[in-house]
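Below is one structure; the comments refer to it alone.
First the proteins, then the strands, lettered A, B, ... as listed; each starts at 1. All values derive from a computational prediction rather than experimental measurement.
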Amino acid sequence: MGEKWFVHPYIPNSVPDIREEMLREIGVDDVEALFVEIPPHLRFKGRLDIPEPIRSEAGIQRHVEQILARNKTCKEYLNFLGAGCWQHHVPAVVDEIVGRSEFVTAYCGANYSDHGKYQTRFEFNSMMGELLNMDAVANPIYDWGHAAGISLRMASRITGHNRVLMPKTTGPERLAQIRNLLQPQVMSTHIAIVLVDYDADTGMLNLEDLRNKISGETAAVYIENPSYLGTIENQGPEISRITHDHGAIFIVGTDPMSLGILVPPADYGADIACGDLQPLGIHMNCGGGQSGFVAFHEDVAYLSECPLELYTIMETEVEGQYAVAEMIAERTSYGSRDKGKDWVATASGLWTIGTAVYLSLMGPQGMKEIGETIISNARYARNLLGAIDGVNIQFNTASFKEFVVNFDGTGKSVSKINKSLQERKIFGGKDLSGEFPEFGNSALYCITEIHTREDIERMVEAVEEVIK
Amino acid sequence: MKKVKLRKFHAASWDEPFIMQMGNAGERGILVPGVDPEIAQAVGEVESLVPENMRRQTPPALPELSQYHVLQHYLRMSQMTMGMETGIDIGEGTCTMKYSPKINEQLVRLPKMTEVHPCQDEETLQGILEIMYKLQGFLSAISGMDMFTFQPGGGANAVYTNACVFRKYHEERGELAQRDEMITTIFSHPCDAATPATAGFKVINLMPDKNGYPDLDALKAVVSEHTAGIMMTNPEDTGLYNPNVEEYVKAVHDAGGLCFTDQANANSIMGIARARDAGFDACHFNIHKTFSSIHGCEGPASGAYGVREELAKYLPVPVVTFDGQTYHLDYERPHSIGKVRSFMGNLECIVRAYAWIRSLGPDGLRLVSETAVINHNYLDKLLMKIRGVTRPYGPDKRRLEQARYSLEKMYQDTGVGTIEVRDRMVDFGIQSYWTSHHPWIVPHPFTPEACETYSREDIEYWAAVIAQISKEAYEDPQIVMNAPHTQAIRKMINLEQLEEPEKCSLTWRAYKRKKELA
């Protein structure tokens, strides 16, 4: 260490006397003696090429704050971006609870010392079960895309088939993530993805194309409701019927924020529901707030093929006292490595706690009201934008909080429009011209309960100005 | 060493019902913005906006509680959870339960992080992109790799990313159909076996030789033209640094495969040894372990995945670049594997790691690793004096930052095994230890890791708890067998139900239904 030595507040045993005493107790003269197993030629001889330390806490705070200050935020700008990460209000009580030291710093402690963590997980599962009208909710994983991918893999294992049908409206980034999970064609365990067309007017699934592409070899039909493009799919019962007639599994990806006013997927026949928890009380965190849920009916075939941790209520020696514990653990990769179902791992535990608090605060009435406000706000924005000369709404069907706006008639590209909006401190909708070139110059606008009428009107006026 | 006084601890025990049993119809936890009257007038009734067959008719049976009572309930839940900040968490080895500095927590909770959308124009993301870019450089310095991605949402997701990158590499060379075998070692984390299996590879698990290292002869026997690569760990969970690591790398390279090292156990090697120098093509770090991001009851986590130059083109998109003035997000990478997680990953973890490294500098990072190794060796000295504790493999070999111990002897002598000890130790106010991944190659295992966070007194306390439980096991085993005694709840019964799904209930509604049926 030499002249650079300093006692570090995160390292109690950096006090030289303590270190010396500990080395003496261990029975060595020098710390180097503890690294004897590493061959000398594999030892790193230099000094790490990273900057000198900022020694004070005040200095660290100043330094990082100065860098982060270069981010512009959705509080400073009026934001209309969504596309899988959505700006909703995060209740103060959620922040208070997910900021609790015990939850922030706990990890894999067992059932007794971490009983509160386990009970909260069970409550999360139970409330999501109510929202989704399903009895089995797994412990969440990274995000919607991963949840959808492993749901499709579950369906493949349950049915023994290796072909799945997905809508062409699936977001390309989510699709890329799912493609990785379903493997390239050359792999012997590859699952083929067949994309099903959408109706050009409504954005809903083209049922004729679905009927043409489905067969007795289909493992699953996956749809999204609301879709990536924001449209509400109202053919759920029919898609479910077609799917089940062919012995396939019906999987629905959904935005749980919509389920105070929209029918849960189970009610129109979904066997598996999946999606992202982020809208339910998690800050956007530049994409760091995602958490993928998977739910299904209480069916042993599904439970046995689910790769995620499953928690059950248990009883204790004291009558009337409950515990919560992991069930059929052998099935997971923790239990059986490569012989387990896919893999399970550290993913987004804190966000399940945040979601539990969120749903407890909202209750049935809160979820209904927020759904009503969102769908009304979004329709208002959609109507005003659609009324601008040269601006068109892509689909004529119902949508929840997002919708596709086409700017072809303005003669301006979305990137140009968004740049101009940004100068007016507005983040316009996500540019879809790369993701869905068939929509021309289009953008995906997202409106939620955080937008006021004035916000929407300000955005619409700005759009009118910048397309001139 | 001073005599250790064991605490008379009792956990909070609130006897708290499930939240689904609480509250009253009509109570509200929060009010949300209503529909603006002018908007309502303009767009009409909500019913008219939702297709008739899509309207929810039955409201979800969520609890109805006032705000105070929701807060109180979850505060009680938190109090019945032992965070690493209250209980000495030396026991959760391989997890590197280190202190996550509060100043960094404050920084990631600033609106400059929480209120940022990942699809914003890169011009408005310059702060976070700068941190990502610079942290890539720091991790490259620590590992010797050339380029990193932070997209994976956890360590296993990074290991999976590696399986996808190796897959793409062989695919582009037209050899994937032939190279469909991935090799790993049984003491590597289960994800080193499970994620390549999910990626479509046949997996070969190497068993340890008599010294505890993966069997090199077995490796030489299995490498072939079918080998895609190896995904291994060094040091493994045994804490033994494998001195012949280059021979493993060479055997796989000679067969045309690639080599990845899982660096979940990197807390002992910062500034000491680098993955690239041992010949590895790729590696990962658990940002929530080695680099002090929070554990958060298992996430949000971050797996930083790094590769050497030749593999950089396969990394997931987008990649952060710098032109000397401005940071950019590069999506135009035709060889990329695409995505392994949405957006750019859990970037709050990245900010914590950046701030942590900046507070330490090059010598500080090395001090972290040295101290972690000193702490472990100090703990080892204490543990090896305890009756019933053994440490398999290489009795004379130095362990680095952790080791796997066995209570097999205690179990044989007394009937008290590792699960019982785990459930007893919490009565002394420390977190339950982690045993080992499955299969238990080492019988009745436990795997402590006394990282740099812990003081000498913490280590002595932890060892004293194990010594006390050993004494109980040999003198009055019922104390241990009936533990825990001072926790939020008493011992679970009917554990066999955990293997019988039809007897389990994953939600309150399922439980209620079954109870009523019964």
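Heavy-atom pairs under 4.5 Å with chain B peak, among A/Met362, A/Gln422, A/Glu330, at A/Gln422. Between chain A and the options B/Gly29, B/Ala61, B/Ala141, the largest number of non-hydrogen pairs under 4.5 Å is found for B/Ala61. Contact tally against chain A (heavy-atom pairs below 4.5 Å) for B/Lys491, B/Glu452, B/Met84: the top residue is B/Lys491. Among A/Pro39, A/Pro51, A/Pro264, A/Gly84, the residue with the largest count of heavy-atom pairs under 4.5 Å with chain B is A/Pro51. Interface summary for chain B: among A/Asp342, A/Thr189, A/Asn418, the most heavy-atom pairs under 4.5 angstrom belong to A/Asp342. Taking A/Ala176, A/Ala110, A/Ala398 one by one and counting their heavy-atom pairs under 4.5 Å with chain B, the maximum is reached by A/Ala110. Ranked by heavy-atom pairs under 4.5 Å with chain A, the first of B/Gly153, B/Ala193, B/Gly200, B/Cys297 is B/Cys297. The greatest number of non-hydrogen atom pairs below 4.5 Å with chain A, out of B/Val426, B/Leu176, B/Leu110, B/Asp277, is found for B/Leu176. Comparing B/Val373, B/Ile294, B/Asn157, B/Leu65 by how many heavy-atom pairs each has under 4.5 Å with chain A, the most go to B/Asn157. The residue among A/Gly363, A/Ser376, A/Ala345, A/Ser333 with the most heavy atom pairs within less than 4.5 Å of chain B is A/Ser376. Between chain B and the residues A/Glu326, A/Arg153, A/Arg174, the most heavy-atom pairs under 4.5 angstrom are made by A/Arg153. Interface check for chain A: of the options B/Pro60, B/Gly155, B/Gly345, the most heavy-atom pairs under 4.5 Å are formed by B/Pro60.
Shown here are the ring pair (Phe, Tyr, Trp, His ring centres under 6.0 Å) partners of B/Tyr354, two or more places apart in sequence or in another chain: A/His63, B/Phe138. For A/His89, there are no ring pair (Phe, Tyr, Trp, His ring centres under 6.0 Å) partners at least two apart in sequence or on another chain.
With hydrogens and angles ignored, the 3.5 Å screen pairs no side-chain donor or acceptor of A/Asn180 with any backbone N or O of B/Gly338. Counting only distance, with no hydrogens or angles, the side chain of B/Thr195 and the backbone of B/Cys191 share a donor-acceptor pair below 3.5 Å. Side-chain atoms of A/Gln183 come within 3.5 Å of backbone atoms of B/Thr198 as a donor-acceptor pair (strictly under, hydrogens ignored). Listed for the B/Glu92 side chain is a donor-acceptor partner under 3.5 Å among the backbone atoms of A/Cys108.
With respect to B/Lys381 and A/Glu25, no salt bridge is recorded, no charged nitrogen being found less than 4.0 Å from a carboxylate O. Between A/Arg47 and A/Glu52, at least one side-chain N (NZ, or NE/NH1/NH2) sits under 4.0 Å from a carboxylate O, which counts as a salt bridge.
Only the side chain of A/Asn383 comes within contact range of chain B, judged by heavy atoms closer than 4.5 Å. Proximity to chain B (any heavy atom under 4.5 Å) is restricted, for A/Glu96, to the side chain, taken from C-beta onward. Using a 4.5 Å cut-off between heavy atoms, A/Val357 contacts chain B through both its backbone and its side chain. At a 4.5 Å heavy-atom cutoff, the contact between A/Met187 and chain B is made by side-chain atoms alone. Interface remark: B/Gln106 contributes side-chain atoms only to the contact with chain A (heavy atom separation under 4.5 Å). The parts of A/Leu359 that come within reach of chain B are both its backbone and its side chain, each placing non-hydrogen atoms under 4.5 angstrom from that chain. For A/Ile353, the part lying under 4.5 angstrom from a heavy atom of chain B is the side chain only. Proximity to chain B (any heavy atom under 4.5 Å) is shown, for A/Asn234, by both the backbone and the side chain.
Between B/Tyr160 and A/His146, the ring planes lie perpendicular to each other; the angle is over 60°, past the 30° to 60° tilted range. Ring-plane geometry between B/Phe18 and A/Phe122 is classed as tilted, the angle between the planes lying from 30 to 60 degrees on a 0 to 90 degree scale.
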*Please lay out, stage by stage, how B/His438 and A/Tyr334 fare under the test ring-ring contact (aromatic ring centres under 6.0 Å, His included).*
CA-CA 7 Å; B/His438 294 274; A/Tyr334 284 148; 9.3 Å; no
